[in-house]
> 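This structure is in structure tokens; I'll ask about it shortly.
The analysis underlying the following values was restricted to heavy atoms, covering all of them including side chains, and did not include hydrogens, waters or symmetry mates. Since we're looking at a predicted model, the values are computed, not measured.
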Protein chains: 2
Amino acid sequence: MKEGPDIAYIASLIGDPARANILTALMSGKALTASELAQEAGVTLQTASSHLSKLDAGGLLRPRKQGRHKYFSLASDDVAHVLEGLMGLAAGAGHVRKRTGPKDARLRKARVCYNHLAGDMGTHMFDSLVSQGYLRLEADDLVLSETGTQFVLDFGIDLDALTQARAPLCRECLDWSERRSHLGGSLGRAFLTRFENMSWIKRDKETRVISFTRTGQQAFHTMFPLEEM
Amino acid sequence: MKEGPDIAYIASLIGDPARANILTALMSGKALTASELAQEAGVTLQTASSHLSKLDAGGLLRPRKQGRHKYFSLASDDVAHVLEGLMGLAAGAGHVRKRTGPKDARLRKARVCYNHLAGDMGTHMFDSLVSQGYLRLEADDLVLSETGTQFVLDFGIDLDALTQARAPLCRECLDWSERRSHLGGSLGRAFLTRFENMSWIKRDKETRVISFTRTGQQAFHTMFPLEEM
DNA sequence: TTCATAGTTCGATCATAGTCGAAGCATAAG
DNA sequence: CTTATGCTTCGACTATGATCGAACTATGAA
């Protein structure tokens, strides 16, 4: 009847509350088991299993068997990107599920977006990288400059390993709370794990909230300065 | 139960086939009446009316009464952006509604994305603007350089009128066919209407297809050159 | 005024799909 | 082996919501 991709099929997958809960939970970037996701979605294991197979069929998930557990994560950054976009629309329509509480404020401050840093701290880092000339927009891609490459290496990130992978190194990601870009892609992921290894941050077990340690916060701002305007 | 915006609500709105058809039709950027959208969606006027009020309640549409007609258009670029993202996921999942025919090829070549130029020609124009130094990524925004400003004025676009409006002037937009950026925002819109006024292009009445006239195609490539690599 | 067209509202019908209990596999532990 | 745990499949129940006919409202034309 109509031309173009079947958008309703994908949207209807996301449109079920239980499945939306599952996807939201996976926005933490962690791989979760079917049981955990069932609990997260507030349904029994049977229904969760049904949902998960449908999401998988739609190409939204990447399942991995491990022993008698089955782990699920989001299929790609693209999926996370669309989910963030939907969150933006939902927030704009005034449809937030929960009244904004203290947890919500922490969520705006810093949170995990699939596998990289989002929220206020995320956009701050992105802006700093750009203003220092480490990141540049070239044609359609975000590229790392020479000084930027050096910066990343000095920071203790194994850049060679990243560039050999197929996934894009740098990627812009727009988030719903800030409405500004932050750094995604494999480099964004590498930064986040590096922060974690250096104990700059702690990830909340239950939610997507990221909390900075005191020393982490200080170190962050010296490494990623931003002149006020 | 969960934190964050109610993503399922918005997604379920898009997830109905009839509503998805409506939204896809509105991706042409034109404002359409309820009757036209009913026909487009393949349902009666009554059901279309019901769908339209729901989409409106969800903040996805911008309705305008005009006489005894009621025109609908997408509420914002953000909505169009999410829809394009969903198309990307659907295309990736191999779920295209129609087998790729000749019309589909034309769709990839040049089409309307909400109100600006997308497809091959769209990314071409974007790349050209960037490589000529007319557009730059600064912090998180796409900005027009000084030479770029001059270029736009020379092109016959009333830049003052655009900058006075509240909508963002420049905006990156990623499309599903090319997986690359093209220019959105009010400037993107202005370019498209200018092309139309100069008879460079013709918009198909039924679909989102844009066809370039022969002279338009030539003029386009001289104005937006791109050195091969 | 009368008629026609555009759109909304109401009500009834009907199908899709979300839900869970129960049973069935598969893997790991004792 | 037996037992326990994680997950899938089957089947039945149920509710949500899409659909359209019919009646109603509103704007425009004659």
> Considering every strand and a 4.0 Å limit on heavy-atom distances, what is the contact class for A:Ser53: base, sugar-phosphate, or nothing?
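No contact.
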> Without decimals, in angstroms, what is the distance between B:Leu55 CG and D:dG17 P?
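One finds 14 Å between P of D:dG17 and CG of B:Leu55, rounded.
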> Just how far, in rounded Å, is P of D:dC7 from CG of A:Leu32?
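Value for this atom pair: 11 Å.
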> Decide, yes or no, whether a salt bridge links A:Glu40 with A:Arg208 under the criterion of side-chain N to carboxylate O below 4.0 Å.
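Between A:Arg208 and A:Glu40 there is no salt bridge, as every charged N stays at least 4.0 Å from the carboxylate O atoms.
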> Side chain of A:Lys54, heavy atoms from C-beta onward: which of D:dT9, C:dG18, C:dT8 has the nearest atom to it?
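Nearest listed nucleotide: C:dG18.
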> Nearest to the A:His51 side chain among C:dG7, C:dG18, D:dA18, which nucleotide is it?
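Within the option list, the nearest is C:dG18.
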> Report yes if at least one side-chain N or O of B:Lys70 is closer than 4.0 Å to OP1 or OP2 of D:dT27; otherwise report no.
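Looking at the OP1 and OP2 atoms of D:dT27, neither is under 4.0 Å from any side-chain N or O of B:Lys70.
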> Would you indicate, yes or no, if D:dC20 has its OP1 or OP2 atom less than 4.0 angstrom from a side-chain nitrogen or oxygen of B:Thr44?
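So the side chain of B:Thr44 is within the cut-off, an N or O lying under 4.0 Å from OP1 or OP2 of D:dC20.
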> Using whole Å, report how far CG of B:Leu52 lies from C1' of D:dA18.
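Interatomic distance, CG of B:Leu52 to C1' of D:dA18: 14 Å.
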> Round to the nearest Å and state the distance from B:Tyr9 atom OH to D:dT16 atom C1'.
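Value for this atom pair: 15 Å.
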> To the nearest angstrom, how far is A:Gln39 atom CD from D:dT5 atom P?
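So the CD-P distance, A:Gln39 to D:dT5, works out to 16 Å.
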> Where the side chain of B:Leu45 is concerned, which of C:dC20, C:dG7, D:dT8 is the nearest nucleotide?
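The answer is C:dG7.
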> Could you state the atom-to-atom distance from CG of B:Leu37 to P of C:dA6 in whole Å?
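In whole Å, C:dA6 P and B:Leu37 CG are 14 Å from each other.
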> Find the distance A:Leu13:CG to C:dA17:C1' and express it as a whole number of Å.
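These atoms are roughly 12 Å apart.
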> Could you please name the option among D:dT9, D:dT19, C:dG18 that lies closest to any side-chain atom of A:Ser49?
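Within the option list, the nearest is D:dT9.
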> Of the nucleotides D:dC7, C:dC20, C:dT5, which has the atom closest to the A:His69 side chain?
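For the A:His69 side chain, the nearest candidate turns out to be D:dC7.
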> Counting side-chain heavy atoms from C-beta on, which of C:dG18, C:dA6, D:dT8 comes nearest to B:Ser35?
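Per side-chain heavy atoms of B:Ser35, the pick is C:dA6.
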> Under 3.5 Å, is there an N or O donor on one side and an acceptor on the other linking the side chain of B:Gln46 and the base of C:dG7?
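By the distance-only test, no, there is no pair.
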> What class does the angle between the rings of A:Trp200 and A:Phe195 fall in, given that below 30° is parallel, 30 to 60° is tilted and above 60° is perpendicular?
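Parallel, since the angle between the ring planes stays under 30°.
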> For A:Ala48 and for A:Arg68, find the nucleotide of DNA chain D with the closest heavy atom, then tell me which residue's nucleotide is more 5'.
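Of the two residues, A:Arg68 wins.
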> Salt bridge or not between B:Arg189 and B:Glu196? Use side-chain N to carboxylate O under 4.0 Å.
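Looking at B:Arg189 and B:Glu196, the cut-off is not met.
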> Report the nucleotide, chosen from D:dC20, C:dT19, D:dA18, that has the shortest atom-to-atom distance to any side-chain atom of B:Arg19.
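Nearest to the side chain of B:Arg19 among the choices is D:dA18.
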> Measure up the B:Phe220 and B:His124 rings against each other and bin them: parallel (under 30°), tilted (30 to 60°), perpendicular (over 60°).
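The rings of B:Phe220 and B:His124 sit tilted, inter-plane angle from 30° to 60°.
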> For the pair made of CD in A:Glu36 and C1' in D:dC7, what is the distance, rounded to whole Å?
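Going from A:Glu36 (CD) to D:dC7 (C1'), I get 13 Å.
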> Is a salt bridge present between B:Arg111 and B:Glu84, judged by a nitrogen-to-oxygen distance below 4.0 Å?
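Judged by the 4.0 Å cut-off on N to carboxylate O distance, B:Arg111 and B:Glu84 do form a salt bridge.
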